[in-house]
Amino acid sequence: MLIHLFKYEIKSIFRQLLPFYAALILFALLEKVFYIMQMPTIMSFTALFHVLIIAAVMVFTLVVITRRFYSNFFSNEGYLTFTLPVKTWELIISKLIAALLFAFTGMLLTFATVFFLFVTINPDILAGVQFPFSTITPDDMLNLTTHFAAFIYGTLMYDATAILIIYASVSIGHLSREHSIFCAFAAFFGLFIFGQIFSFILGANYYVTSLLLCGIFFIITNYILSHRLNLA
């Protein structure tokens, strides 16, 4: 059932973000066309729209993730959601994994289109990123693998913390039926400040504190959805 929930969530989010992904790729291609045609003025405007779309992808991804969470749990859809034969934590996990996937997709598409633009303007950049793999020692490969794994883990923890703090904030906000939006924003800032203080007091590295904060925000969300939810 968890797999089915994940697939459904993926399809729903993808339909909403597809136009932004398509626009991101389209404007990257237009920049290349206008550069080849030697039309710098039009290319500059296209590049400006490219930057705006990158910002829109980031913002709208968070909007879609938040809206999906709210509508599935706290709107009329909540009645149907909680009739499914799955545990509450499984519902949260399926949404979290799908949200992480699209957060990562947006980041990769942004990097790919920006890199494509740089290569268009300066093709020699490809020669600069070529790495002499034949000279890599086992120690070098281990270091590269370790740094790459740390980067992936750090990115996932950053995105997971951001998503889970939103989930927890929306859940806390729903406890106040009359002022849910205001309480959700207040909860977000409160949890953010708590996270900063918690990280400072703990004094551990980023990877440990992020993991612990993810656990705290997940527990808050799961508790409210399991024991304090009121759809009436």
Side-chain angles (χ1 to χ4, degrees), residues 2-72 77 92-133 144-145 147-167 170 210 214:
L2 184 60
I3 299 298
H4 293 296
L5 288 172
F6 176 69
K7 289 181 179 179
Y8 176 77
E9 192 70 15
I10 289 292
K11 290 179 182 178
S12 179
I13 297 177
F14 182 72
R15 283 196 300 267
Q16 298 179 68
L17 292 181
L18 179 59
F20 290 90
Y21 292 161
L24 199 58
I25 296 172
L26 175 62
F27 275 92
L29 293 174
L30 286 175
E31 288 171 33
K32 181 176 181 65
V33 171
F34 292 136
Y35 180 80
I36 294 175
M37 296 175 64
Q38 297 183 350
M39 303 173 69
T41 302
I42 299 179
M43 182 183 172
S44 298
F45 280 106
T46 307
L48 175 61
F49 280 108
H50 187 184
V51 172
L52 292 176
I53 292 172
I54 289 174
V57 167
M58 296 178 181
V59 172
F60 199 69
T61 298
L62 285 177
V63 170
V64 169
I65 289 170
T66 305
R67 188 169 61 186
R68 287 289 303 164
F69 179 79
Y70 177 83
S71 63
N72 285 162
E77 289 184 38
I92 301 171
I93 288 293
S94 67
K95 291 192 172 298
L96 176 61
I97 295 174
L100 285 173
L101 177 63
F102 283 100
F104 223 75
T105 300
M107 183 187 71
L108 289 177
L109 266 180
T110 298
F111 174 79
T113 54
V114 170
F115 184 74
F116 178 77
L117 174 61
F118 285 144
V119 171
T120 297
I121 297 175
N122 182 17
D124 294 335
I125 196 173
L126 286 175
V129 297
Q130 291 179 352
F131 199 90
F133 287 98
L144 285 173
T145 304
H147 282 89
F148 180 75
F151 170 76
I152 295 298
Y153 177 79
T155 303
L156 287 174
M157 284 296 99
Y158 177 85
D159 290 341
T161 304
I163 293 166
L164 285 170
I165 195 175
I166 291 174
Y167 287 176
V170 172
S210 296
C214 282

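As the structure is a prediction and not an experimental result, all values here were calculated from the model.
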Inset, instruction - Hey, can you tell me if Tyr21 and Phe14 have their rings parallel, tilted or perpendicular (30° and 60° cut-offs)? - result: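 Plane angle between 30° and 60°, so tilted.
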
Inset, instruction - Can you label the angle between the Phe151 ring and the Phe148 ring as parallel, tilted or perpendicular, going by 30° and 60°? - result: tilted

Do [X] and [Y] have side chains that approach each other closer than 4.5 Å (heavy atoms only, starting at C-beta)?
{"X": "Val57", "Y": "Leu17", "result": "no"}
{"X": "Thr41", "Y": "Phe34", "result": "no"}
{"X": "Phe102", "Y": "Ile65", "result": "no"}
{"X": "Ile54", "Y": "Val114", "result": "yes"}
{"X": "Asp159", "Y": "Met107", "result": "no"}
{"X": "Phe6", "Y": "Ile97", "result": "yes"}

Inset, instruction - Verify the neighbour count for atom OH of Tyr153: are there more than 12 heavy atoms of other residues, nucleotides or ligands below 6.0 Å? - result: yes

Legend entry - Heavy atoms from other residues, nucleotides or ligands near CZ of Phe104 exceed 12 (cutoff 6.0 Å): yes

Considering all heavy atoms of both residues, which atom of [X] and which atom of [Y] are nearest to each other, and what is their separation?
{"X": "Leu100", "Y": "Ala160", "result": "CD2-N, 3.5 Å"}
{"X": "Phe20", "Y": "Ala56", "result": "CE2-CB, 3.9 Å"}
{"X": "Ile163", "Y": "Ala99", "result": "CD1-CB, 3.5 Å"}
{"X": "Phe60", "Y": "Arg67", "result": "CZ-NH2, 4.3 Å"}
{"X": "Met157", "Y": "Cys214", "result": "O-SG, 4.2 Å"}

Within this structure, what is the [atom1]-[atom2] distance for the pair [X] and [Y], rounded to the nearest 0.5 Å?
{"X": "Thr161", "Y": "Leu156", "atom1": "OG1", "atom2": "CG", "value": "10.5 Å"}
{"X": "Glu9", "Y": "Asn72", "atom1": "CD", "atom2": "CG", "value": "5.5 Å"}
{"X": "Ile10", "Y": "Thr105", "atom1": "CD1", "atom2": "OG1", "value": "7.5 Å"}
{"X": "Met37", "Y": "Leu30", "atom1": "CE", "atom2": "CG", "value": "10.5 Å"}
{"X": "Leu29", "Y": "Thr113", "atom1": "CG", "atom2": "OG1", "value": "10.0 Å"}

Legend entry - Ile53: which of Thr110, Leu24, Ile25, Leu26 passes side-chain contact (heavy atoms from CB on, under 4.5 Å):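 Among Thr110, Leu24, Ile25, Leu26, the one meeting side-chain contact (heavy atoms from CB on, under 4.5 Å) with Ile53 is Leu24.
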
Inset, instruction - Carefully, step by step, assess Val170 and Phe69 under the rule side chain to side chain contact (heavy atoms under 4.5 Å, CB included). - result: CA-CA 8 Å; Val170 172; Phe69 179 79; 4.0 Å; yes

Inset, instruction - Say whether Arg68 and Gln16, considering side chains only, have a donor N or O and an acceptor N or O under 3.5 Å apart. - result: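 Not at all, the side chains of Arg68 and Gln16 share no donor-acceptor pair under 3.5 Å.
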
